[in-house]
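Structure first, then comments.
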Amino acid sequence: MRFKSRIFSIGLCLLSVQVCADTVVRIQPSQSVDNTSYQYYVDLLQLVLDTTSDEYGPADIVTLESSLSQSRGFFMLKNEQLDVYWAGTSIARERDYLAVTVPLVGGLLGNRVPVIMRNRLSEFAKITTAEQLQKMVACQGSQWPDSDILEFNGYRVERVISFSLMYTMLEQQRCDYFPRGINEAHAEVDTQGHETLMVYDELILRYPLPMYFFVNKQNLLLAQRLTEGLLLLVNNGKLTEFIMHHPTTASIFPLSRYQHSRVISLENAILPANVVERAHNNWIGFPKE
C-alpha cells in the first residue's frame, strides 16, 4: 500500500510543480497583533509539513506581506498566489476549493464565548436565554461564516472588515460583545492594551464550525500531504497533545471548567451535510449540554 501511494505521489509530482519542484508553501499574514491564534495555525502547518517530510520532502513556509480579508485570501488561493488558507468551512467554500477535512482545533472553534467590557459583567450575568442575547449587538468579521450563522439564528451583528477594528469597536462600545472561539478568546484578551476587556466563560454560543486547511482545487498533491499528515497526528494523539499544550490554547484545559456554563445552541445552515460524520474521531471531547 505504501509503495502504491508513493507511485501515486510521484505521478502527481509530474503534474504539479507547486509542491514537488518548489518546496515553498505560501500563507497569509496575521490580520492583527490581536489575532494571537494565527501562530497556532502556522505552527500546526509546520508540524504537518515536518511530519510528512520523509514522504514528500522538506517544505518551507513563506508568509505574504499584505494583510488579507477572507474573501481576498480565497481569491488569491484560487489564483495560485497562496498555497494554503485556513478558515471555517461552508458549503460554498468546499465547492470552490479543496478542503482538508480534519478539524484543526478538534471542533472547538464552534464553541464561542463572548468577549465583553469588564464594566458590563453584571449585565451579561443576567442573560439566561437566547432572546436576551439577541437584543445585543455582536461584532463579527464581515466575511466570516460566523456572521451568517448568527444572523440566520436571529442575532444582531455588526459586520467589520478588519480584525483589529473589532476589539476597538468593542472597547468604544459600538457593539456589545465579540464572540470568539474558546481556543482564541483568552490569548487575545491577554494581549497588552485590553485591560478593560474580559472573557465571559459563563455563556457559550455553540454551533458546528470546523476550521480547515484549504488549497487550490488543482493542488492535489498538497491536499494529499496535508490530509495524510493531519490524520497521522490524529491517530497518534499528537494533534490532541498539540492543542492542549500550544501557548494559544493551553489555558482552556481542562474543558471540564466549562461544564457549568450556560450553552445556547445555534443552527449552522451553511455547514456541508456530512461534516459531522466525516469528522470521525477528530473532535476533542467537550461537555455536553
Side-chain angles (χ1 to χ4, degrees), residues 27-28 30-32 34-49 51 61 70 73 84-90 93-94 99-115 140-141 144-146 149 163 178-191 199 201 204-215 226-227 229-258 261 263 265-266 268 270-272 275-288:
I27 64 171
Q28 74 264 38
S30 177
Q31 292 181 321
S32 164
D34 295 325
N35 188 18
T36 55
S37 60
Y38 170 84
Q39 193 60 45
Y40 171 93
Y41 298 106
V42 176
D43 293 343
L44 179 56
L45 177 59
Q46 186 66 66
L47 177 61
V48 172
L49 295 173
T51 299
I61 295 175
Q70 285 202 359
V84 177
Y85 193 79
W86 55 86
T89 195
S90 70
R93 289 175 177 180
E94 293 196 25
V100 179
T101 57
V102 180
L104 301 181
V105 284
L108 293 177
L109 184 67
N111 290 279
R112 319 290 288 197
V113 287
V115 177
Q140 201 72 170
W144 295 359
D146 307 85
I149 295 167
F163 184 93
F178 184 12
R180 299 297 289 144
I182 64 168
N183 55 296
E184 302 166 325
H186 286 279
E188 291 174 0
V189 171
D190 287 344
T191 58
V199 180
D201 284 327
I204 295 175
L205 289 171
R206 179 174 293 169
Y207 46 86
L209 182 65
M211 177 80 83
Y212 291 152
F213 286 137
F214 288 87
V215 303
L226 297 177
T227 299
L230 281 168
L231 288 177
L232 182 61
L233 294 175
V234 169
N235 293 332
N236 64 19
K238 290 186 177 180
L239 180 56
T240 299
E241 182 179 336
F242 180 87
I243 296 171
M244 294 183 69
H245 294 97
H246 193 274
T248 304
T249 51
S251 64
I252 72 175
F253 294 95
L255 293 177
S256 56
R257 62 184 284 186
Y258 297 97
S261 299
V263 177
S265 295
L266 283 69
N268 183 352
I270 60 173
L271 192 72
V275 71
V276 175
E277 291 82 357
R278 79 159 71 115
H280 301 297
N281 61 341
N282 300 335
W283 300 81
I284 301 296
F286 199 86
K288 301 296 183 182

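Only this structure's heavy atoms are used, side chains among them; waters, hydrogens and symmetry mates stay out. Values in this document were obtained by computation on a predicted structure and should not be read as measured data.
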Mind checking whether Pro179 and Asp146 have side chains closer than 4.5 Å, heavy atoms only? no
Note: Phe213 and Tyr41 closest approach over all heavy atoms is CZ-O, 4.1 Å
Measure across Val100 and Thr227 and return the closest heavy-atom pair with its distance rounded to 0.1 Å. CG1-OG1, 3.5 Å
From CG (Leu239) to CG (Leu47), nearest 0.5 Å: 8.5 Å
Test item: Ser265 and Tyr207 side chains (from C-beta on) under 4.5 Å apart, heavy atoms: no
Do side-chain atoms of Ser261 reach the backbone of Asp201 as a donor and acceptor pair under 3.5 angstrom? yes
Side-chain contact, heavy-atom cut-off 4.5 Å: Asn268 with Ile270? yes
Can you confirm whether Arg180 sits close enough to Arg112 that some side-chain heavy atom of one is under 4.5 Å from a side-chain heavy atom of the other? yes
Minimum-distance pair of heavy atoms, taken over all atoms of Tyr38 and Gln28: OH-O, 2.7 Å
May I ask you to test the Ile182-Val199 pair for a side-chain heavy-atom distance under 4.5 Å? no
Looking at Thr249 and Ile243, would you say the former's side chain and the latter's main chain have a donor-acceptor pair under 3.5 Å? yes
Taking side chain as C-beta onward, heavy atoms only, is Leu271 less than 4.5 Å from Pro210? yes
Heavy atoms of Thr36 and Glu184 approach each other most closely as OG1-O, 4.4 Å
Would you compute the distance between atom OH of Tyr85 and atom CD of Gln70 and round it to the nearest 0.5 angstrom? 4.5 Å
Euclidean distance, Leu44 CG relative to His246 NE2, rounded to 0.5 Å: 8.5 Å
Just checking Phe242 against Tyr40, ring centres under 6.0 Å apart? yes
Specify the closest pair of heavy atoms between Ala99 and Tyr212, including all atoms of both residues, with the distance to one decimal. CB-CD1, 4.0 Å
Are Leu230 and Leu104 close enough that some pair of their side-chain heavy atoms sits under 4.5 Å apart? yes
Test log, rule side chain to side chain contact (heavy atoms under 4.5 Å, CB included), inputs Phe214 and Thr89: CA-CA 9 Å; Phe214 288 87; Thr89 195; 3.7 Å; yes
In Å and rounded to the nearest 0.5 Å, what is the CD to CG distance from Glu241 to Leu233? 10.0 Å
Which heavy atom in Glu188 sits nearest to a heavy atom in Ser37, and how many Å separate them? OE2-OG, 4.0 Å
If you measure from OG1 on Thr248 to CG on Asp43, what distance do you get to the nearest 0.5 Å? 7.5 Å
Does the side chain of Val42 reach to within under 4.5 Å of the side chain of Trp86, using non-hydrogen atoms? yes
Quick one: pull up CD1 in Ile204 and CG in Leu266 and give me the separation to the nearest 0.5 Å. 12.5 Å
